[in-house]
*Asks:* 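Structure below; questions to follow.
Below, each value reflects all heavy atoms present in this structure, side chains not excepted, and no hydrogens, waters or symmetry copies. What you see is a predicted model, and the numbers here were worked out from it, not measured in a lab. Order of listing sets the numbers, starting from 1, for every ligand and every atom in it. We number each residue from 1, following the sequence as shown.
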Amino acid sequence: MRIDRIELRLVRLPLVRTFRTSSSSKDHIDHILVRVSAAGGLEGWGEAASPSDPFYCPETTETCWHILKDFLAPRVVGREWESIDELIALFGPIKGNQFARAGLEMACWDALAVRDGVPLAKLLGGTRSEILSGVSLGIEPELGPLLDQVDRFVDEGYRRVKLKIAPGWDVAVVRAVRDRHPELPLQVDANSAYTLGDADRLRALDEFSLLLIEQPLGHDDIVDHARLQAQLATPICLDESIHSAEDARKALDLGSCRVINIKVSRVGGLREAQRVHDLCLARGIPVWCGGMHEFGVGRAANVAIASLPGFTLPGDVSGSDKYYREDLVEPPVLADRGAVTVPTGPGLGHRPIVDRIARQTLRELTIDDGLASS
Ligand code: OSB
Ligand code: MG
């Protein structure tokens with residue numbers, strides 16, 4: 001395979017509802033779509049799903065643009081590779097910048113799968129025909145609107161609910177949801193808002209039979225998480241701290257978590273996501289697919305990876321109507337009673353709607369033979 005041209009597009013979509021976490025608030029999402037082209041009209045699509053601000057992780061939309069434009073794309077354009085591992089080898093000494101890598105790698109996986117006429121899920125080793133999906137609900141100004149959303153998504157059949165928490169929006173909120181839905185599979189996500197000094201407060205969550213507590217402590221920590229896990233009955237799940245299968249191994253060896261949230265973009269792509277999955281499967285650690293409010297392209301990749309056998313917990317890959325009035329792919333990714341069908345067509349299995357993407361594009365750039373042009 002040889003990619004002759006890489007197109008980057010900064011695309012904006014308004015969210016149907018403002019989304020607040022312990023560290024940020026958003027009413028629209030800017031992601032970079034990556035389109036790779038090869039001989040014979042072959043193409044592939046990817047999505048660099050970085051937040052626009054460095055409040056979840058150090059990367060931003062602009063760092064992704066920079067790394068894609070100046071380092072990743074020029075190393076790939078015009079070069080021959082056969083397997084994804086050979087493609088990744090072209091990235092060479094570039095460190096970190098997982099969201100940027102994931103965007104380009106995803107487009108190359110899609111191109112490979114389309115060329116070979118196989119669904120991306122199959123190429124990745126997926127075994128499921130549908131994935132189980134939950135919803136992630138942001139912090140609200142008041143309890144009422146949160147409870148209304150919980151009721152609505154439970155009615156729609158979503159398989160579990162995740163509540164964003166922060167100091168001051170935690171025990172009472174979880175109690176209110178649990179009182180209303182005693183049997184609901186429920187979990188919480190702190191996005192690094194606590195410290196070890198808050199262990200008593202976090203232990204107070206043990207009485208609500210939560211599936212897990214996601215990333216209570218520092219975004220880059222696995223040591224204090226091990227100390228905290230030893231004091232909690234509820235399993236800790238790591239998100240922000242895990243950027244690779246090596247990180248996952250170390251966290252599991254230390255006892256820092258009992259569950260891992262696999263995000264394709266946070267670990268730098270589908271290949272590394274497979275590796276984290278394989279490690280966890282071998283060690284009996286349940287995983288689930290996290291999300292970054294992906295548009296249809298990245299969402300389709302999430303569906304594909306979540307079809308692997310170790311994804312035994314419902315993920316954050318909800319139907320795109322939870323986020324966007326109109327998505328950018330056809331058919332849209334939809335959940336039916338909390339299940340999303342894994343497509344059987346070649347590649348991502350959801351076709352990008354090019355004119356809609358063009359309408360939502362804020363900036364675009366083409367890289368061919370190593371040179372950028374707007
Ligand atoms: O921590 O999982 C997170 C969204 C943006 C940044 C971080 C996170 C999230 C979510 C929403 O929880 C996941 C989704 O519905 O796509
Ligand atoms: Mg999280």
Side-chain angles (χ1 to χ4, degrees), residues 13 15-31 47-61 64 98-99 102 131-140 146 149-150 153 156 158-166 169 186-194 210-221 225 235-243 257 259-267 287-303 305-306 313-324 327 333-335 338 340:
L13 285 183
L15 283 167
V16 295
R17 185 185 188 93
T18 300
F19 189 80
R20 217 173 118 210
T21 71
S22 65
S23 57
S24 83
S25 178
K26 307 220 173 315
D27 55 18
H28 64 266
I29 296 290
D30 292 345
H31 284 169
E47 179 171 338
S50 171
S52 50
D53 46 43
F55 306 154
Y56 165 79
C57 68
E59 288 183 84
T60 69
T61 318
C64 285
Q98 284 83 359
F99 281 72
I131 62 158
L132 297 183
S133 112
V135 289
S136 171
L137 303 181
I139 293 169
E140 295 287 335
L146 177 69
Q149 284 185 83
V150 173
F153 288 116
E156 286 183 23
Y158 279 101
R159 307 300 171 103
R160 66 99 171 112
V161 168
K162 158 169 142 181
L163 305 174
K164 292 290 184 178
I165 59 166
W169 183 268
L186 187 62
Q187 63 194 53
V188 294
D189 186 359
N191 289 109
S192 305
Y194 297 86
L210 300 178
L211 290 168
L212 55 91
I213 301 179
E214 187 177 343
Q215 199 74 31
L217 308 181
H219 75 97
D220 53 357
D221 170 78
H225 278 105
I236 289 177
C237 168
L238 289 177
D239 174 355
E240 281 90 328
S241 300
I242 306 297
H243 303 284
C257 63
V259 181
I260 289 181
N261 164 345
I262 296 183
K263 283 184 187 166
V264 171
S265 46
R266 195 197 63 234
V267 302
V287 302
W288 53 280
C289 187
M292 295 300 298
H293 292 160
E294 282 84 354
F295 303 156
V297 171
R299 190 165 300 280
N302 287 343
V303 172
I305 195 76
L313 293 171
D316 280 348
V317 188
S318 323
S320 63
D321 56 331
K322 173 183 181 286
Y323 313 85
Y324 305 110
D327 201 349
V333 176
L334 287 179
V340 177

*Asks:* A side-chain contact here means heavy atoms from C-beta on lying under 4.5 Å apart; do Cys57 and Phe99 qualify?
*Replies:*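 Yes, side chains in contact.
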*Asks:* Of all the heavy-atom pairs spanning Cys237 and Ile260, show the shortest one and how long it is.
*Replies:*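 Between these two residues, the closest heavy atoms are SG-C, 3.8 Å.
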*Asks:* Looking at His225 and Gln215, would you say the former's side chain and the latter's main chain have a donor-acceptor pair under 3.5 Å?
*Replies:*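 No.
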*Asks:* Sort by chain and number the protein N/O/S atoms that are closer than 2.8 Å to the Mg ion (ligand 2), and list them.
*Replies:*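 Listed by chain and number: Asp189 OD2, Glu214 OE2, Asp239 OD2.
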*Asks:* What's the shortest heavy-atom distance between Asn191 and Ser22, and which atoms?
*Replies:*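 Answer, listing the atom of Asn191 first, then Ser22: O-OG, 3.3 Å.
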*Asks:* In terms of side-chain geometry, is the basic nitrogen of Arg17 or Glu140 positioned less than 4.0 Å from the acidic oxygen of its partner?
*Replies:*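 Salt bridge flag = yes for Glu140 with Arg17.
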*Asks:* Hey, does the side chain of Arg266 reach the backbone of Gly290 with a donor-acceptor pair shorter than 3.5 angstrom?
*Replies:*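 Flag not set: sc Arg266 to bb Gly290 has no pair under 3.5 Å.
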*Asks:* Strictly by modelled atom types, are Ser24 and Tyr56 linked by a side-chain donor-acceptor pair under 3.5 Å?
*Replies:*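 Ser24 vs Tyr56: no donor-acceptor pair found between side chains.
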*Asks:* Can Arg299 and Asp316 be counted as an ion pair, charged N to O under 4.0 angstrom?
*Replies:*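 Looking at Arg299 and Asp316, the cut-off is not met.
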*Asks:* Parallel, tilted or perpendicular: which one describes the rings of Phe153 and Tyr158, with boundaries at 30° and 60°?
*Replies:*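 Rings of Phe153 and Tyr158: perpendicular, over 60°.
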*Asks:* For ligand 1, what are the residues with a heavy-atom contact below 4.0 Å?
*Replies:*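 Within the 4.0 Å shell of ligand 1, which is judged on heavy atoms, sit Phe19, Tyr56, Ser136, Lys162, Lys164, Asp189, Asn191, Glu214, Asp239, Lys263, Gly291, Met292, His293, Asp316, Tyr323.
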